[in-house]
Amino acid sequence: MIVSSQNPEIIDLPDGRLRYVSSLLTETDALIHRLTTSLNWYQGDVFLFGRHHKTPRLQCWYGDKAYTYSQVRLEPTPWPPLLQQLRTIVEEASGHAFNSVLGNWYQHGQHNMGMHADNEPELGQNPVVAMLTFGTARPLQFRHRNGVDRFTIIPEDGSLLIMEGPIQHYWRHGIHKSKTISAPRISLTFRQILSVNHAHTARRQSKK
Ligand SMILES: [Mn+2]
């Protein structure tokens, strides 16, 4: 793995901003192997429309504080040295601090991520989410809640994509299934969790 000092490309969207470094990391093959073999991957649960579902991808989670994600509480987990190293690289490249990382492993084209916003209350008002991508490039779709504006970026192997500003209020993002892509993609999304809000979790569970 080689770390570049490439300047980010700034992508201004209506009501949000992305910064993109297309090849922050190069020669990633050994790194990808270490990520797939050493991290604690599992098929997660999500709570949608009143039911628990298995996520159509593998996930892993490491963080200093507990995080409640789609009504599933993730307990604090120590950082493996590899993720610690990547966190430092992402913090230096983005200028932001992160205390957690959510990994997603899309093993083939049928693995996907539904449209969503990273707007959990623990992430604060305008969260910064920094995404490292490894392996196959898959389109990341952005849709504005106004129903009109759309944007697609295809983060490349070794790239860093930073979502910041009010983007999580106005836009949702996701990764569609693909019939043509069969090779895997891994993303590591670094976040800063401010605190756990039990009151919010209780309110959500009572909401239909
Ligand atoms: Mn997300």
Side-chain angles (χ1 to χ4, degrees), residues 1-28 31-32 35 39 57 59-65 67 69 74 79 82-106 113-145 149-176 185-194:
M1 169 178 68
I2 296 170
V3 185
S4 86
S5 56
Q6 193 187 344
N7 282 329
E9 173 191 352
I10 293 172
I11 302 164
D12 274 313
L13 300 175
D15 309 313
R17 188 170 87 145
L18 301 172
R19 278 188 287 155
Y20 181 59
V21 182
S22 60
S23 51
L24 180 67
L25 303 172
T26 51
E27 303 189 16
T28 57
L31 175 60
I32 291 169
L35 292 171
L39 300 183
R57 61 192 174 276
Q59 288 180 264
C60 68
W61 155 263
Y62 296 87
D64 303 334
K65 292 184 181 181
Y67 183 36
Y69 169 81
L74 302 165
W79 293 73
L82 174 61
L83 288 187
Q84 181 62 57
Q85 184 190 359
L86 292 173
R87 165 162 75 170
T88 302
I89 292 166
V90 169
E91 286 182 338
E92 284 175 5
S94 69
H96 291 277
F98 301 102
N99 62 8
S100 65
V101 61
L102 182 66
N104 284 292
W105 180 3
Y106 305 86
M113 170 80 84
M115 300 301 291
H116 70 282
D118 296 319
N119 58 1
E120 306 292 338
E122 296 96 313
L123 297 175
Q125 180 65 19
N126 284 330
V128 179
V129 177
M131 173 191 285
L132 284 178
T133 293
F134 299 105
T136 303
R138 289 184 62 172
L140 178 64
Q141 315 280 348
F142 285 85
R143 300 242 173 102
H144 197 293
R145 292 182 191 276
D149 292 308
R150 292 177 173 217
F151 180 75
T152 303
I153 187 168
I154 307 179
E156 291 175 50
D157 174 50
S159 68
L160 175 67
L161 179 69
I162 302 160
M163 295 185 270
E164 58 194 354
I167 192 166
Q168 305 297 343
H169 297 280
Y170 293 99
W171 293 78
R172 297 187 304 147
H173 57 276
I175 291 178
H176 297 339
R185 170 181 186 265
I186 288 176
S187 69
L188 299 176
T189 55
F190 293 83
R191 298 136 195 265
Q192 180 76 348
I193 294 175
L194 305 179

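As a basis for the values below, the full set of heavy atoms in this structure was taken, side chains included, without hydrogen atoms, waters or symmetry mates.
- At least one donor-acceptor pair under 3.5 Å links the side chain of W171 to the backbone N or O of P14.
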* Show your reasoning for whether side chain to side chain contact (heavy atoms under 4.5 Å, CB included) applies to D149 and F142. => CA-CA 8 Å; D149 292 308; F142 285 85; over 6 Å; no
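- Checked by atom type and distance alone, the side chain of H116 pairs as donor or acceptor with a backbone atom of H173 at under 3.5 Å.
- Here the closest non-hydrogen pair linking Y20 and I154 is OH-O, 3.8 Å.
- Between H144 and Y170, the angle of the ring planes lies from 30° to 60°, which puts this pair in the tilted group.
- At least one donor-acceptor pair closer than 3.5 Å links the side chain of R138 to the backbone N or O of H176.
- Contact of the L25 side chain with the V3 side chain is registered, since non-hydrogen atoms from C-beta on lie closer than 4.5 Å.
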* Begin with the C-alpha distance, continue with both residues' side-chain angles, and end with the deciding distance and a verdict on side chain to side chain contact (heavy atoms under 4.5 Å, CB included) for L123 and I193. => CA-CA 5 Å; L123 297 175; I193 294 175; 4.1 Å; yes
* Asked: Does the pair M1 and L86 meet the rule for a side chain to side chain contact (heavy atoms under 4.5 Å, CB included), with working shown?
  -> CA-CA 11 Å; M1 169 178 68; L86 292 173; 3.9 Å; yes
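- For the pair L35/L188, a side-chain contact is recorded, criterion being any heavy-atom separation below 4.5 Å from C-beta on.
- Panel note: side chain R87, backbone F98; a donor-acceptor pair is recorded below 3.5 Å.
- The distance from atom CD of E122 to atom NZ of K65, rounded to the nearest 0.5 Å, is 10.5 Å.
- Here the straight-line distance linking atom CG of L31 with atom CG of L82 works out to 5.5 Å at 0.5 Å rounding.
- Between P139 and T152, the closest heavy-atom pair is CB-CG2, 3.9 Å.
- Applying side-chain hydrogen bond (donor to acceptor under 3.5 Å, both in side chains) to N126 and the options Q168, H169, E164 leaves one that passes, H169.
- Between R17 and I10, some side-chain heavy-atom pair lies under the 4.5 Å cut-off.
- Defined by atom type and a distance below 3.5 Å, a donor-acceptor pair is present between the side-chain atoms of T189 and R191.
- Closest approach of L24 to Q6, counting heavy atoms only: N-OE1, 4.3 Å.
- The side-chain heavy atoms of R145 and D15, taken from C-beta on, include no pair separated by under 4.5 Å.
- With values rounded to the nearest 0.5 angstrom, L160 atom CG is found 10.5 Å from I89 atom CD1.
- Looking only at side-chain heavy atoms (C-beta outward), R19 and L161 stay at 4.5 Å or farther from each other.
- Contact annotation: the side chain of Y106 approaches that of M113 to within less than 4.5 Å [non-hydrogen atoms, C-beta and beyond].
- The heavy-atom pair separating C60 from L39 by the smallest distance is SG-CD1, 4.0 Å.
- From M115, atom CE reaches atom CD of Q141 across 6.5 Å, with rounding to the nearest 0.5 Å.
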* To do: Given side chain to side chain contact (heavy atoms under 4.5 Å, CB included), test Q59 with L102 step by step and report yes or no.
  => CA-CA 7 Å; Q59 288 180 264; L102 182 66; 3.7 Å; yes
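- Atom-to-atom distance recorded for R185:CZ and I32:CD1 is 11.0 Å, nearest 0.5 angstrom.
- Closest of all the heavy-atom pairs between W79 and Y62 is CZ2-O, 4.1 Å.
- Between the side chain of N104 and the main chain of S187, no donor-acceptor pair closer than 3.5 Å is present.
- The shortest heavy-atom contact between D118 and P127 is O-CG, 3.5 Å.
- In terms of modelled atom types and a separation under 3.5 Å, the side chain of S4 and the main chain of S23 share a donor-acceptor contact.
- Residue L140 holds its CG atom at 7.5 Å from CD1 of I153, rounded to the nearest 0.5 Å.
- The environment of R150 atom CZ is sparse: at most 12 non-hydrogen atoms of other residues, nucleotides or ligands sit within 6.0 angstrom.
- In this structure a side-chain-to-backbone donor-acceptor pair under 3.5 Å is missing from E91 to A97.
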